[in-house]
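The block underneath contains the structure these notes are about, expressed in structure tokens.
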Amino acid sequence: MKLAILYVLVSSLLLIAGPGFAQGQLRHNATTLYPTYHGLIMAGYQGWFRAEGDGSKGNRFVYGTPERSGIDAWPDVSEYAKTYETPFLNADGTRAKFFSSLDESTVDLHFKWMQQYGVDGVFMQRFYGSVNPGESRREATQVLTYALSAASKYKRAIAVMYDLSGLRGKGEDCSAIISDWKYLVDSIKVTRQAAQNTYLHEDGKPVVVIWGIGFPDRPYDIRNIGLERLIDFLKNDPVYGHCAVMLGVPTAFRTLDNDCIHDPYLHTLIRQADMVLPWTVQRFSPLLHNDMDRYRDQVLEDEAWCAANHVEYVPCVCPGFSWHNLSRYEFPDDVKPVGSIPRQGGRFYWEQLSTAIRSGAGMIYVAMFDEVNEGTAIFKVTDRPPADTAQVAFLHLDGKPSDTYLWLTGEAARMLRHEEPLTMTMPERPAAERPDAQRPTAERPDTPRTHP
């Protein structure tokens, strides 16, 4: 009798609370301006850039010195509210300046650009080294907090991407990520912004990404770091779960060869997730004859495999690649040339975007928004970087304006949503939308957009 009464009481509470209670949505906002990834082009956002004088702890100033630098692409800092002098010199002899991701004005400007040019949003990278309590987590969380506020202000989609880089596998596992997700949900309310909620959802669930699964150069074994437990927690925990899980995997995830581990357990993990993102940076190049045909075939075959295995597919694109300066000391026996995968003034980027869209992609991931270390940034990068030194050389933009790749991303997003006809030829920019003219803001409606 008591059990029957208790059952009735619990059932009544569930009915009163609604389906969100049973699904663990007490800690997540059930509504968002972005209920689906479909129809969106989103980029990865590092947010790890520090500068001397910004209050950060430790010597992590990525621009380095004229003898040793960690970046290849120099940001256009003309619009930043706060910048910092560096040891590098401009052509006129003045000190070159850099920004810091720890300044709220920096993050605000980046999201303002996203809105201005029609970039739909970003995945905030959260590295394994930043998930445990300490200064690194404090700084990463500070940047994420600024980003959540700016995403709400400018109506841009936002989601968390856990990057397993830094996980050594020696007594470390994904339990730290479980603890960190609880921390983010409770402490900064990552899935329920105070103002307009713009956290990305898919199928009614907040999207969480786990990146770095299946790469052979990693020191951890995917079989013994608790990945299944992490996926199950994110999907099924009654308080912090009910999330849509996306996995970042190698290009050859289907065939388990080339850049991928030869372990079918990877497929077991993928089938437990909701979405898959193959990493194709450095796997394709405009210097190879008809390489876009190979990229097209890759996308089509990936789509077919994902459909057969009931997971959603997100193709990856990038504007180019360059890590000459970083490779000088990280890989001294294999120093890369500047612009080893050339941007070609935007042509290579557009070829990937248009090929992915024509091949049926419903959503696209751009690597990356602010990655100046590897020269894949689509945000404003200058064509007039500091002067080269004997040990350091910087990437140039083929004479293109610094906002070229932001503009191209916005154009592609409209074509992805069929708001403009798709063109395989890189579009020409109207005179009214060039840097010396005011570009109209790409507003997002105040009500959630339905699945196209």
Side-chain angles (χ1 to χ4, degrees), residues 34 37 40-49 62 70-73 75 101 106-107 110-111 113-114 117-131 140 143-144 146-148 150-151 156-166 177 184 190 198-200 202 206-213 215 244-251 275-284 312-323 326 341 343 349 352-353 356 361 363-381 405-406 408-410 412-413 416:
Y34 290 89
Y37 194 171
L40 305 182
I41 297 182
M42 294 183 62
Y45 189 97
Q46 304 282 30
W48 60 16
F49 303 101
V62 293
I71 68 170
D72 270 31
S101 301
T106 290
V107 180
H110 290 167
F111 278 81
W113 285 343
M114 293 176 211
Y117 292 93
V119 180
D120 292 307
V122 289
F123 290 93
M124 300 297 297
Q125 310 294 119
R126 196 162 177 89
F127 293 88
Y128 188 84
S130 299
V131 299
V143 175
L144 177 56
Y146 293 155
L148 288 166
R156 299 297 94 187
I158 189 169
V160 171
M161 175 179 282
Y162 283 105
D163 190 323
L164 298 183
S165 300
I177 295 177
L184 293 182
V190 66
T198 64
Y199 195 94
L200 179 68
E202 188 61 42
V207 176
V208 181
V209 188
I210 311 167
W211 192 94
I213 302 173
F215 295 87
V245 177
M246 182 163 77
L247 301 184
V249 299
T251 300
M275 311 159 77
V276 64
L277 164 65
W279 182 254
T280 54
V281 177
Q282 285 188 281
R283 277 51 170 185
F284 299 90
E312 301 232 48
Y313 172 66
V314 183
C316 173
V317 301
C318 69
F321 186 84
S322 180
W323 62 355
L326 188 67
I341 299 179
R343 296 188 174 211
Y349 186 47
Q352 294 166 84
L353 286 165
M363 43 195 159
I364 294 175
Y365 178 88
V366 175
M368 306 279 290
F369 185 83
D370 59 341
E371 173 62 275
V372 294
N373 305 84
E374 298 178 355
T376 60
I378 63 166
F379 77 166
K380 297 188 182 185
V381 174
Y405 295 88
L406 291 170
L408 287 174
T409 305
L416 176 67

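Residue numbers run from 1 in the order of the sequence given.
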F369 vs M114 side-chain heavy atoms within contact, under 4.5 Å:
yes
Mind checking whether E374 and F321 have side chains closer than 4.5 Å, heavy atoms only?
yes
Give a yes or no on whether the ring-centroid distance for W113 and F111 is below 6.0 angstrom.
no
To the nearest 0.5 angstrom, please state how far the CG atom of L200 sits from the CE atom of M363.
9.5 Å
Check: V317 and T280 side chains under 4.5 Å, non-hydrogen atoms:
no
Straight-line distance of I341 CD1 to Q282 CD, nearest 0.5 Å
5.5 Å
Please tell me if the side chains of L408 and I378 come closer than 4.5 Å, counting only heavy atoms from C-beta onward.
no
Shortest non-hydrogen separation from P206 to Y199 and the atoms involved:
CB-CE2, 3.7 Å
For K380 and Y405: C-alpha separation, side-chain torsions, deciding distance, then whether side chain to side chain contact (heavy atoms under 4.5 Å, CB included) applies.
CA-CA 8 Å; K380 297 188 182 185; Y405 295 88; over 6 Å; no
For L247 and V209, run side chain to side chain contact (heavy atoms under 4.5 Å, CB included): C-alpha distance rounded to whole Å, both residues' side-chain angles, the deciding distance at 0.1 Å, then the answer.
CA-CA 6 Å; L247 301 184; V209 188; over 6 Å; no
Test of understanding: with salt bridge (charged side-chain N to carboxylate O under 4.0 Å, His left out), list the residues that count as partners of R126, not counting sequence neighbours.
D180
Least distance between heavy atoms, L40 atom then A157 atom
CD1-CB, 4.5 Å
Quick one: do the N373 and W48 side chains pair a donor with an acceptor below 3.5 Å?
yes
Scanning both residues in full, the closest heavy-atom pair of Y162 with V131 reads CE2-CG1, 3.9 Å
Using side-chain heavy atoms (C-beta onward) and a distance below 4.5 Å, is I364 in contact with V314?
no
Test side chain to side chain contact (heavy atoms under 4.5 Å, CB included) on F123 and M368; report intermediate values, then the result.
CA-CA 10 Å; F123 290 93; M368 306 279 290; over 6 Å; no
Euclidean distance, M42 CE relative to Y34 OH, rounded to 0.5 Å
8.5 Å
T409 side chain to Y349 side chain, donor-acceptor N/O pair below 3.5 angstrom
yes
Is the shortest side-chain heavy-atom distance between F49 and V372 below 4.5 Å?
yes
Test of ring centre spacing under 6.0 Å for Y365 and Y37:
no
Aromatic plane relationship, H110 with F379 - under 30° parallel, 30 to 60° tilted, over 60° perpendicular
perpendicular
Test side chain to side chain contact (heavy atoms under 4.5 Å, CB included) on Y45 and V107 and set out the steps.
CA-CA 10 Å; Y45 189 97; V107 180; 4.0 Å; yes
Does M124 reach the side chain of I158, with side-chain heavy atoms less than 4.5 Å apart?
yes
ring-ring contact (aromatic ring centres under 6.0 Å, His included), paired with W211, selected from F127, Y128, W279
W279
So, taking the atom named CG in L326 and the one named CD1 in I71, what distance separates them when rounded to the nearest 0.5 Å?
11.0 Å
Closest heavy-atom contact between P319 and A377?
CG-O, 4.1 Å
CG of L277 to CE of M246: how many Å apart, nearest 0.5 Å?
5.0 Å
For the residue pair R343 and G320, what are the closest heavy atoms and their distance?
CG-CA, 4.2 Å
Find out whether V366 and V119 are in side-chain contact, i.e. whether some heavy atom of one side chain is under 4.5 Å from a heavy atom of the other.
no
Enter the distance from Q125:CD to S130:OG here, rounded to the nearest 0.5 Å.
11.0 Å
Can you name the nearest heavy-atom pair linking S101 to V143, along with the distance?
O-CG2, 3.5 Å
